[in-house]
Amino acid sequence: MLWRTPEGEIRALEDRCMHRGAPLSLGRCVGKGLRCSYHGLVFDDGGQVVQIPGRDSAPPQARVRSFPAVDRHGWIWVWMGEAERASPDRIPDMMPLDTPDYHLGPSTYDFDAEARLVRENLLDYSHIPFLHADSFGISEDWATTPVGLTELDDGVEYRRWVLDQPLVPGSPLRMDVYSVFSLRVPGIIRLWNGYYPLGTAAELDHGVPPEDYPGVKNVNSSSQAVTPMTDKTTRYFFSWGPRKDCGDETIRDGLIAIAGMAFAEDKIMVEAQQREFDRAPERGLLALPSDEGINTYRKVMARFLREAGELGDA
Amino acid sequence: MLWRTPEGEIRALEDRCMHRGAPLSLGRCVGKGLRCSYHGLVFDDGGQVVQIPGRDSAPPQARVRSFPAVDRHGWIWVWMGEAERASPDRIPDMMPLDTPDYHLGPSTYDFDAEARLVRENLLDYSHIPFLHADSFGISEDWATTPVGLTELDDGVEYRRWVLDQPLVPGSPLRMDVYSVFSLRVPGIIRLWNGYYPLGTAAELDHGVPPEDYPGVKNVNSSSQAVTPMTDKTTRYFFSWGPRKDCGDETIRDGLIAIAGMAFAEDKIMVEAQQREFDRAPERGLLALPSDEGINTYRKVMARFLREAGELGDA
Amino acid sequence: MLWRTPEGEIRALEDRCMHRGAPLSLGRCVGKGLRCSYHGLVFDDGGQVVQIPGRDSAPPQARVRSFPAVDRHGWIWVWMGEAERASPDRIPDMMPLDTPDYHLGPSTYDFDAEARLVRENLLDYSHIPFLHADSFGISEDWATTPVGLTELDDGVEYRRWVLDQPLVPGSPLRMDVYSVFSLRVPGIIRLWNGYYPLGTAAELDHGVPPEDYPGVKNVNSSSQAVTPMTDKTTRYFFSWGPRKDCGDETIRDGLIAIAGMAFAEDKIMVEAQQREFDRAPERGLLALPSDEGINTYRKVMARFLREAGELGDA
């Protein structure tokens, strides 16, 4: 459970009173601390009970677990591993909603599926032309152009040119698209796309293009977080929008609406996978070359969890 | 999952892509085959992957299980056992809805209970006067007249005369009823009833009466299938109606309506059984002589499953 | 399942036919007995099958368990332990709804939680000022004044003076409150409160006050039963109201309405506990001194269950 001290600092405690299991999230703020709404115990902002009604003192073992938590990039980041291993400087550099040079809109989608399945949906670009034919409507080139995978210290990054694409589905204007996608532990995504004049990829020898290249259009960016709610439910936070010289709030709202259609398509598929895996958990799958990103990310995630002092999936 | 080739032939594949578990039933028809809507893999009509987007070939193990399937008697029959043991000539001889000399109407009922409980409800005629007092409204003679059980190669059959019954509940006209009921693996039912002039049973020495016996009335027939949807849910397909010389579409619709009332009664009882068995699965039951049909059918079903190469319940 | 004989006597049988698991509560009364609505078996009022349709006799093992049951104090009491250990004289002396000198109103609340959690909520008075700040609105003195616990043969009793309290929340008139609460196995509660002139507690040396003490006000009483429906659901029966010289039906209805608000608060908390304990059943709790009543009651309950010949929780 999360609250802010009167100074505005974020605090995170386990949502289970050690006395009778009551959720502290039903409590009330008292000073920097919190009073449980069940039997009135007062916790300080580090999780130690400092007052028990009708008693002179509280035993030291009357405490709940506290988690390191910080505000950054407009989001709250809570470290669920061993507290001494928290390192806020490892927080990825996300774009907050009020990023000055972009019009970013927010959205949230819930899945009745484990977070891993949602991440792995996002890691496999080969599904986009097929599952999202009715929403994104992009060509099969997005499935067949190699993703240009790089293993990061804390995730995977795809960088690639997809050549000779319409500016928007159905447009006669064709361009070269440069796309950067990264997914970092435990499920933090950044996406950047820019549409360049046809031939730019060849001209730049398929290198990294400047963001302000002459004639660039349709520059857009998205920040996302795949957040486990329970073992089998996931909340997916999402922002998307155009760079201000490439689109206004109407474009932004259109992108958010299209993403909503696409995520409804993902939801049908990912929840069907979850039901099938629950039905027959013992059955294996057949890896294909397009699973390279999934496999690389799994390896990074396993290493990260070992370092965090946790065994399970985050 | 089922689909038809452009030639109209029925095809059945397991509804689980071997790659990532996606349901193929969300796919799209391409030629004789099927394209999975998740990552665009194309399957031929035997379940072999023949195209992977962006790849030159597909590995031979990229395939899903295919099931023998045929159209017959207006229904689709899928063999879930070992493919080489499928024998379409063992399909029971059902009456399709467009049988020329009957007015047959269709219906479907869903049960939150395992298929076995629905079958065993149908196998025990002694429940009909009691559970269906408010719908069928037939006399207790239907519970007390022995069912005349014959064990078939693939099921059980009941043939019997029930003497001196009203033509319809409340009618002063009393007749002898000849009734034939069969339930064949895995849950295929045929029912035929004819009402004969009082004394016919004795006159025929309780033998099989001709269907066109003088004075016969209220001849009706039903074809049914108890189909497992999951371990604990069942869909029950049902047709019923009068022979055309014994009733018209209005009679047919009345029979279907009465059956709907009766199945609502069955649903309450069978689902209550399921909840009780789930609550206390370790507790036994006390067999009574009226369970003879249930016990015989179970024996036949076990033999059938051994022959089909399956261990579980169908 | 419960029914009354034509003479009005209450009977209780296990709600599971030993033949096919059908609920006998769907049956119909026949004479003193009951006919199962599935296959028509007739049970006598002790649970023995006395008629099977189409058979001359019933086997002796065709019987279901019968439970001792009596009407008393306007409620029905069923003994779930070994029948020979039933002793109706141990039924606590409750106040029926038609008690002459009180205006008592009824209510019922359902919890998606095990009965134990509802009982233990009621046993710990320290929650009342905190969880029920918006409904009962009583002072923290009710959390900090010791409850004056007595272990009974079949439960626990709290008797105490809470000094210098407002007659009702916000009232300038302050009084000494005498409160008696008992919870007896398996979950039977009586509550009696009287408000006495300030100083009465000292004058009586904190002894038991007469119910008709001069100047006594706001005398009220409640009878309650915490009844398990299933392992994880509970129905809570409740009555409350003023002594007739202390309030009328309007006061009674106001008390029932306030109790409804308070039980909605309890429901949120107790169901959250249940979800948390289901989520992490292996985790322990930290007992506090205010858990004395809970611990004493648990000890009494365990003794009672041993004596009843049962092992589980009632």
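Protein chains get the first letters and strands the later ones, always in sequence-line order, with residue 1 at the start of each. All heavy atoms count here, side chains included; hydrogens, waters and symmetry mates do not.
Of the N and O atoms on the side chains of Asp15(A) and Ser25(A), at least one donor lies less than 3.5 Å from an acceptor on the other residue. Arg159(C) and Tyr178(C) share a donor-acceptor pair across their side chains, judged by distance under 3.5 Å alone. With hydrogens and angles left out, the side-chain atoms of Asp112(C) and Gln274(C) include no donor and acceptor closer than 3.5 Å.
Salt-bridge annotation for Arg303(C) and Glu151(C): present, with a side-chain N of the basic residue lying under 4.0 Å from a carboxylate O of the acidic one. Under the 4.0 Å criterion applied to side-chain N and carboxylate O atoms, Arg116(A) and Asp231(A) are not assigned as salt-bridge partners.
A distance of 6.0 Å or more separates the ring centres of Phe237(A) and Tyr109(A). The six-membered or imidazole ring of Phe181(C) lies near that of Tyr125(C), with a centre-to-centre distance under 6.0 Å.
When each of Ile294(C), Ile268(C), Val270(C), Asp291(C) is scored by its heavy-atom pairs under 4.5 Å with chain A, the top score falls to Asp291(C). Interface summary for chain A: among Glu120(C), Glu265(C), Met269(C), the most heavy-atom pairs under 4.5 angstrom belong to Met269(C). Interface summary for chain C: among Arg55(A), Arg28(A), Gln61(A), Arg16(A), the most heavy-atom pairs under 4.5 angstrom belong to Arg16(A).
Contact of Arg275(C) with chain A is not made at all, since no heavy-atom distance falls under 4.5 Å. Heavy-atom distances place both the backbone and the side chain of Pro289(C) under 4.5 Å from chain A. The parts of Arg20(A) that come within reach of chain C are both its backbone and its side chain, each placing non-hydrogen atoms under 4.5 angstrom from that chain. Using a 4.5 Å cut-off between heavy atoms, Ala133(C) contacts chain A through its side chain alone, with no backbone atom that close. When heavy atoms are compared at a cutoff of 4.5 Å, Ala62(A) approaches chain C by way of both its backbone and its side chain. Using a 4.5 Å cut-off between heavy atoms, Glu276(C) touches chain A through backbone and side chain atoms alike.
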